[in-house]
Amino acid sequence: MQKLKITGGRRLCGELEIQGAKNSALPLMSACVLVGGSCRLKRVPALADVHAAARIINRLGCKCRREGKDILIDSSVLTGVDIPDDLMRSMRSSVIFLGALLGRTGECRLSYPGGCELGPRPIDLHLSALRKLGAVITEEHGTLRCTCTGRLRGTRIELSFPSVGATENIMLAACTAEGETVISGAAREPEIEDLARFLNACGARISGAGGHRIVINGVERARLHGTEHEVMPDRIAAATYLCAAAATGGETLIKGAPAEHSGALTDVLRQAGCRVFESGRGLYLTAPARLRAVPMIRTCPYPGFPTDAQAVVMAALTRARGTGMVVERIFENRFRHVDELIRMGADIKTEGRVAVVTGVDRLSGAAVVAPDLRGGAALCVAACAAEGETEVTGLNLIDRGYEAIEKALTELGGKAERVSG
Ligand code: UD1
């Protein structure tokens, strides 16, 4: 079992090139299976979740291999429609292959993605939308069997909540449906726009992605083809490193960080006393020696404050002057980092989905356990600002979303190393 040793108390000052976005790379890899040709995805981060997606693609009989920062996927031949249970369990977002396989072959079998560390994560919105498109879905012994005879049929789908995964699954399935599909109440996350750009370059006809209403005009499967596409930069990894710099009173340039997709985060960092601006090369931040508390942060669907950045911002604010409140409105169980931050000396009280953070003068290094991907990243942020050494176990969870986090923190002037045992 690998862990991370971080020696805190250094100002993080330096530059870092941001990785490609995990939450874009995964749906794009699934889309490669839909289009049935040769695709090159550029700037794909080397992450455990990307590796799991590559294994799924290979198990479906397609070819997927890495070439430097790129991933090449050839899905001209597809021999299976089953997503194995072990891979379904290792990455909940493998459910994104459902829409792609239905659109490609009219068939898919996968195990039911159970609850996860963030609380129950149902897929009812995905399934009801796919049923509306004409898929027949049955569940037996924990396996979902999805079929349709002939092509799916375009329809109107109104999402009661702008689910990112459901919006992506519908887009993938509807690309080859007969006629027009209209999604209203769609998620507006930039990763959805990235997926639409890729699919359109492959011959699909999607408009409105990035807005509440997405229109997909179905095309014959044979009209789809491969393409080359660069994965968009990771706004959440960028948020994490900006927060690490902010927590240490540092100064940093996150090269390639997408300012246009980071507005809610940069507003909060400015309220905390940082100077943040777009430099033309990325996002530049200078932080005061001690941050100011931010009275209220509420996570919301995009363009609101992202739930994925909640934990890292909270970690940065544990040493702020004053008291602030964080309300988590997207996931039920997304405060699991709080107990670990308290071990490091933070003063945080939670009640349901609300956390009250009172800044303390100092954090101290401790042995802590990453509770989940972003919670683990939050512990790294706090560790950079803490006195002494912090040992973070559960590095496998952090590796799901951060490409060599220890190297990134070191590049920024921190002291972090990966150790075994
Ligand atoms: C995606 C992101 C994840 C991010 C989340 C919210 C990927 C790979 N993951 O996850 O990092 O935290 O968006 O921005 O892109 N829900 C239902 N029924 C459904 C689907 C969702 O009730 O059928 C609920 C979920 O339980 C959750 C909320 O909707 O409470 C948001 O989920 P969703 O937007 O679907 O997130 P994911 O696509 O799973």
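If you're wondering where the values come from, they're calculated on a predicted model, not measured in any experiment. All ligand and atom numbering here is 1-based and tracks the order in the structure.
Between the side chain of Ser75 and the main chain of Cys32, a donor-acceptor pair closer than 3.5 Å is present.
Of the listed options Ser163, Ser128, Cys300, Pro122, Ser163 places a heavy atom closest to atom 35 (O) of ligand 1. Heavy-atom proximity to atom 34 (O) of ligand 1, evaluated over Asn23, Leu125, Val164, Leu159, is greatest for Val164.
Between Ile330 and ligand 1, at least one pair of N/O atoms sits closer than 3.5 Å. Not one N or O of Phe331 is nearer than 3.5 Å to an N or O of ligand 1, by distance alone. Between Asp308 and ligand 1, at least one N/O pair is under 3.5 Å apart. Taking only nitrogen or oxygen atoms, main chain and side chain alike, Asp124 reaches within less than 3.5 Å of ligand 1.
Those atoms of ligand 1 with a heavy atom of Phe161 less than 4.0 angstrom away are 28 (C), 29 (O), 31 (C). Annotation for ligand 1: atoms under 4.0 Å from non-hydrogen atoms of Thr307 are 6 (C), 12 (O), 14 (O). Residue contact check: Ile123 has heavy atoms under 4.0 Å from atoms 19 (C), 23 (O) of ligand 1. Atom numbering of ligand 1 starts at 1 in the shown order; those under 4.0 Å from a heavy atom of Gly165 are 35 (O), 38 (O). For ligand 1, the atoms sitting less than 4.0 Å from at least one non-hydrogen atom of Arg334 are 12 (O), numbered in the order shown with element in parentheses.
Shown here for Ala382 and Leu363, the closest heavy-atom pair between the two residues is O-CD1, 3.8 Å. What you find for Met29 and Cys64 is that their closest heavy atoms are CE-SG, 4.2 Å. Considering all non-hydrogen atoms of both residues, Ala416 and Thr410 come closest at O-OG1, 3.3 Å. For the pair Pro371 and Leu379, the tightest heavy-atom approach, listed with the atom from each and the gap, is CD-CD1, 4.1 Å.
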Would you list the atom pairs, donor with acceptor, under 3.5 Å between side chains in residues 161-171 and any protein atom, with sequence neighbours excluded?
unit_1: Ser163; atom_1: OG; unit_2: Ala166; atom_2: N; d: 3.0
unit_1: Thr167; atom_1: OG1; unit_2: Ser163; atom_2: O; d: 2.7
unit_1: Thr167; atom_1: OG1; unit_2: Ala187; atom_2: N; d: 3.1
unit_1: Asn169; atom_1: OD1; unit_2: Gly99; atom_2: N; d: 2.8
unit_1: Asn169; atom_1: ND2; unit_2: Val95; atom_2: O; d: 3.1
unit_1: Asn169; atom_1: ND2; unit_2: His126; atom_2: ND1; d: 3.0

Indicate every side-chain donor-acceptor pair of residues 260-268 with a distance under 3.5 Å to a residue at least two apart or in another chain.
unit_1: Ser262; atom_1: OG; unit_2: Pro258; atom_2: O; d: 2.7
unit_1: Thr266; atom_1: OG1; unit_2: Ser262; atom_2: O; d: 3.1
unit_1: Thr266; atom_1: OG1; unit_2: Gly263; atom_2: O; d: 3.2

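Within the structure, ligand 1 lacks Arg329 among the residues with a heavy atom less than 4.0 angstrom away.
Of all the heavy atoms of Met91, none lies under 4.0 Å from any atom of ligand 1, so neither backbone nor side chain is involved. Contacts between Tyr302 and ligand 1 below 4.0 angstrom, taking non-hydrogen atoms only, are absent altogether.
With respect to Leu60, the side-chain contact (heavy atoms from CB on, under 4.5 Å) criterion is satisfied by exactly one of Thr105, Thr79, Leu78: Leu78. Only one option out of Ile83, Asp82, Val81 pairs with Leu110 in a side-chain contact (heavy atoms from CB on, under 4.5 Å); it is Ile83.
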